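One-based numbering along the sequence shown. Keep in mind the model is a prediction, meaning the values are calculated, not measured. For the numbers below, each heavy atom of this structure counts, side chains included, while hydrogens, waters and symmetry mates do not.
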Amino acid sequence: MKLTAQQVKAITEPGKYYDRDGLILRVAPGGSKQWVWRGTVHGRRVELGMGSVRFTSLAEAREIAFDYVRTARRGGDPRTRRPGSEAPTFCEAVESVIETHRPGWKNDRSETNWRRPLTYAKSLDGIAVNAINTADLTRVLLPIWHDKPETARKLRTRLGMVMRWAIAEGHRSDDPAGPALTAALPRHTTPRKHHASLPHDEIGEVLEIVGASLRVWRPTVACLRFVVATACRSGEAREARWSEIDGDTWTIPEERTKTSRPLVVPLSTMALAALEDARLYADGSGLIFPSPRGRVLSDNTMSKLLREHGVAATVHGMRASFRSWAAENGVSREVAEAALGHVAGKIERAYQRSDLLAARAEVMQRWADHLDDA
């Protein structure tokens, strides 16, 4: 049964849908749609990717499939005779890669963060993916390789993903982002920068100074205290909801944890006090620490709070301060790592089945007492 343009647009069920001349519409579990050609080349079954439905219509896909069939029957190989115009541009390939990965991302910020390094690769946007070579990739990476090493590392990863997608889709057979690119780029000699942190015995004083400010939105102050008291990640706290609180525990759902596993967090007296402060500003949104407009506090708002009070540390750096305190005060590695929401190695997980909740509760109360006494 032949496909129609309306069917191509309406189909959402994952699977393969067959047309004519070996043309197949492949719908991925995440909803992305790709054209695939399946045929016999030199006596062997071959599948060739033909790009996303977004960039190739049914009529165009049929023309390409017919050309592939004709080429194969004449003894040729469609894999080596496809003109560059049939390969998507780098920009189009990026969109296809994003479509493929989007179902596994937690929120819109994941896509935004994924796209950000690619702003340095705009010169590649109009080039067909099968025409890009290692020299092209080197040219976009070198200008930021030393000045913006973290961004350069991320950009290289993105470029590699796009090139491997092009290989998987049959648009090229080599990887210009592979060993040749490694050889072409100089080694990074600058160590990676870590989030700035404070000595743990200074955090209590910082919280007092910030808390005494009368011109700061109080839920922001409460959120900072909560982050410090629980040693959680900023985003986990900023998006926290009252429905996640149960007495003296807070359960972070799996979609908000970095490990993609739910995490039960014991709440110390400091954390509970921060919740009580925030409760005065409950606005019906369900958020524990809402912005003045009833939305999730932005990460920049938290960072700005510290900068405005002359604090030379990041919100995330508070986790490092807790880890240093734990190491200096006899807290076992297993408990400290569990408190930070880190996942143990496979072998360690096999033997350690407990979430160490009782031990973590004791440690977090000791941490709170330390901050109060500092």
Side-chain angles (χ1 to χ4, degrees), residues 22-24 26 28 32-56 60-61 63-65 67-72 74-102 114-115 117-145 149 151-188:
L23 180 63
I24 302 171
R26 184 170 62 199
S32 63
K33 302 176 182 179
Q34 306 284 332
W35 293 117
V36 176
W37 179 77
R38 180 184 293 170
T40 302
V41 178
H42 298 159
R44 301 184 65 180
R45 297 293 286 175
V46 170
E47 270 198 9
L48 298 180
M50 296 166 56
S52 169
V53 168
R54 290 183 61 189
F55 308 113
T56 307
E60 292 170 333
E63 288 180 7
I64 296 171
D67 182 61
Y68 287 177
V69 171
R70 182 171 55 189
T71 297
R74 291 176 178 176
D77 189 340
R79 292 170 294 185
T80 60
R81 294 187 69 252
R82 287 183 290 173
S85 60
E86 292 181 4
T89 63
F90 176 80
C91 183
E92 293 170 340
V94 165
E95 295 304 319
S96 293
V97 172
I98 289 175
E99 278 191 20
T100 300
H101 289 274
R102 184 180 287 126
W114 203 93
R115 288 180 182 276
L118 291 168
T119 57
Y120 292 94
K122 287 295 183 182
S123 61
L124 301 177
D125 279 358
I127 305 176
V129 288
N130 63 346
I132 294 173
N133 56 36
T134 300
D136 295 322
L137 303 185
T138 303
R139 275 193 290 271
V140 301
L141 286 166
L142 277 180
I144 62 171
W145 192 250
T151 301
R153 288 188 181 99
K154 292 177 181 178
L155 176 57
R156 182 180 177 179
T157 299
R158 309 298 193 264
L159 295 173
M161 292 174 69
V162 174
M163 292 301 103
R164 286 189 290 276
W165 174 88
I167 294 171
E169 292 294 321
H171 297 304
R172 62 183 305 141
S173 59
D174 64 316
D175 183 6
L181 184 59
T182 301
L185 292 170
R187 291 186 62 185
H188 269 136

Trainee: Check whether any side-chain heavy atom of W165 sits under 4.5 Å from a side-chain heavy atom of V94, and report yes or no.
Mentor: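 They are not in contact (no side-chain heavy atoms under 4.5 Å apart), so the answer is no.
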Trainee: Could you walk me through whether Q34 and I24 pass the side chain to side chain contact (heavy atoms under 4.5 Å, CB included) test, one step at a time?
Mentor: CA-CA 8 Å; Q34 306 284 332; I24 302 171; over 6 Å; no
Trainee: Does some side-chain heavy atom of V97 sit less than 4.5 Å from a side-chain heavy atom of R102?
Mentor: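 When only atoms from C-beta onward are counted, V97 and R102 do not touch, as no gap falls below 4.5 Å.
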Trainee: Compare all side-chain heavy atoms of H101 with those of M161 and state whether any distance is below 4.5 angstrom.
Mentor: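 Sidechains of M161 and H101: in contact.
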Trainee: Do R172 and I132 come within less than 4.5 Å of each other through their side chains, counting heavy atoms only?
Mentor: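 When only atoms from C-beta onward are counted, I132 and R172 do touch, with a gap below 4.5 Å.
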Trainee: Considering all heavy atoms of both residues, which atom of A61 and which atom of T56 are nearest to each other, and what is their separation?
Mentor: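 Result for this residue pair: N-CG2, 3.8 Å.
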Trainee: Does T89 form a side chain to side chain contact (heavy atoms under 4.5 Å, CB included) with L124? I'd like the steps, not just the answer.
Mentor: CA-CA 8 Å; T89 63; L124 301 177; over 6 Å; no
Trainee: Looking at CD1 of I64 and OG1 of T71, how far apart are the two atoms once the value is rounded to the nearest 0.5 Å?
Mentor: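 Separation between the atoms: 11.5 Å.
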Trainee: Please report the shortest heavy-atom distance between P186 and W145, naming the atom on each side.
Mentor: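 Answer, listing the atom of P186 first, then W145: O-NE1, 2.7 Å.
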Trainee: Kindly give the heavy-atom pair with the smallest separation between A177 and G160, and that separation in Å.
Mentor: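 Distance-wise, the nearest heavy atoms are CB-CA, 3.7 Å.
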Trainee: Of all the heavy-atom pairs spanning P176 and M163, show the shortest one and how long it is.
Mentor: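 In this case the closest contact between P176 and M163 is CG-SD, 3.5 Å.
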Trainee: Kindly compute the distance separating CG (D136) from CD1 (I127), expressed to the nearest 0.5 Å.
Mentor: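 So the gap between those two atoms works out to 5.0 Å.
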Trainee: Look up atom CG in L181 and atom CZ in R156, then write down how far apart they are to the nearest 0.5 Å.
Mentor: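 Taking CG in L181 and CZ in R156, the distance rounds to 4.5 Å.
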Trainee: Can you list every salt bridge (charged side-chain N to carboxylate O under 4.0 Å, His left out) pair that touches residues 125-135, not counting sequence neighbours?
Mentor: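 Listed by first then second residue: K122-D125.
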Trainee: Once side chain to side chain contact (heavy atoms under 4.5 Å, CB included) is applied, do any residues pair with S123, and if so which ones, sequence neighbours excluded?
Mentor: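 Partners of S123 under the side chain to side chain contact (heavy atoms under 4.5 Å, CB included) test: V140.
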Trainee: Should R115 and E95 count as an ion pair when the cut-off is N to O under 4.0 Å?
Mentor: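 Counted as a salt bridge, because a side-chain N and a carboxylate O are separated by less than 4.0 Å.
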Trainee: Given the rule in the salt bridge (Lys or Arg N to Asp or Glu O under 4.0 Å) test, do E99 and R54 qualify, once you have shown the distances and angles that lead to the verdict?
Mentor: CA-CA 10 Å; E99 278 191 20; R54 290 183 61 189; 3.2 Å; yes
Trainee: Output yes when a side-chain donor or acceptor of R26 lies under 3.5 Å from a complementary backbone atom of W35, and no otherwise.
Mentor: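 No, R26 side chain to W35 backbone: no donor-acceptor pair under 3.5 Å.
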Trainee: Does the side chain to side chain contact (heavy atoms under 4.5 Å, CB included) test come out yes or no for L141 and L159, once each step is laid out?
Mentor: CA-CA 10 Å; L141 286 166; L159 295 173; 4.1 Å; yes
Trainee: Once you round to the nearest 0.5 Å, how far does CD1 of I98 lie from OG of S52?
Mentor: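 Interatomic distance, I98 CD1 to S52 OG, rounded to 0.5 Å: 12.0 Å.
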Trainee: Check step by step if side chain to side chain donor-acceptor pair (under 3.5 Å) holds for T134 and R139.
Mentor: CA-CA 9 Å; T134 300; R139 275 193 290 271; over 6 Å; no
Trainee: Tell me, yes or no, whether the heavy-atom count around K154 atom NZ, taken from other residues, nucleotides or ligands under 6.0 Å, exceeds 12.
Mentor: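 Result for NZ/K154: open.
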Trainee: Under a 3.5 Å distance rule, please check whether S32 uses its side chain to pair with a backbone N or O of T100 as donor and acceptor.
Mentor: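 Pair absent, no side-chain N/O of S32 close to backbone of T100.
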Trainee: Please list, chain by chain and in numerical order, all residues satisfying salt bridge (charged side-chain N to carboxylate O under 4.0 Å, His left out) with E92, sequence neighbours excluded.
Mentor: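 Applying salt bridge (charged side-chain N to carboxylate O under 4.0 Å, His left out) to E92 gives none.
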Trainee: Please name all residues satisfying ring-ring contact (aromatic ring centres under 6.0 Å, His included) with W37, sequence neighbours left out, ordered by chain then number.
Mentor: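 Counting only residues at least two positions away or on another chain, W37 forms a ring-ring contact (aromatic ring centres under 6.0 Å, His included) with Y68.
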Trainee: Under the side chain to side chain contact (heavy atoms under 4.5 Å, CB included) test, which residues partner T151, sequence neighbours left out?
Mentor: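 Applying side chain to side chain contact (heavy atoms under 4.5 Å, CB included) to T151 gives P117, Y120, I144, K148.
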Trainee: Applying side chain to side chain contact (heavy atoms under 4.5 Å, CB included), can you list everything that pairs with E63, at least two apart in sequence or on another chain?
Mentor: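 By the side chain to side chain contact (heavy atoms under 4.5 Å, CB included) rule, E63 matches no residue at all.
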Trainee: Please report the shortest heavy-atom distance between A93 and P88, naming the atom on each side.
Mentor: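 Looking at all heavy atoms of both residues, the closest pair is N-CB, 4.4 Å.
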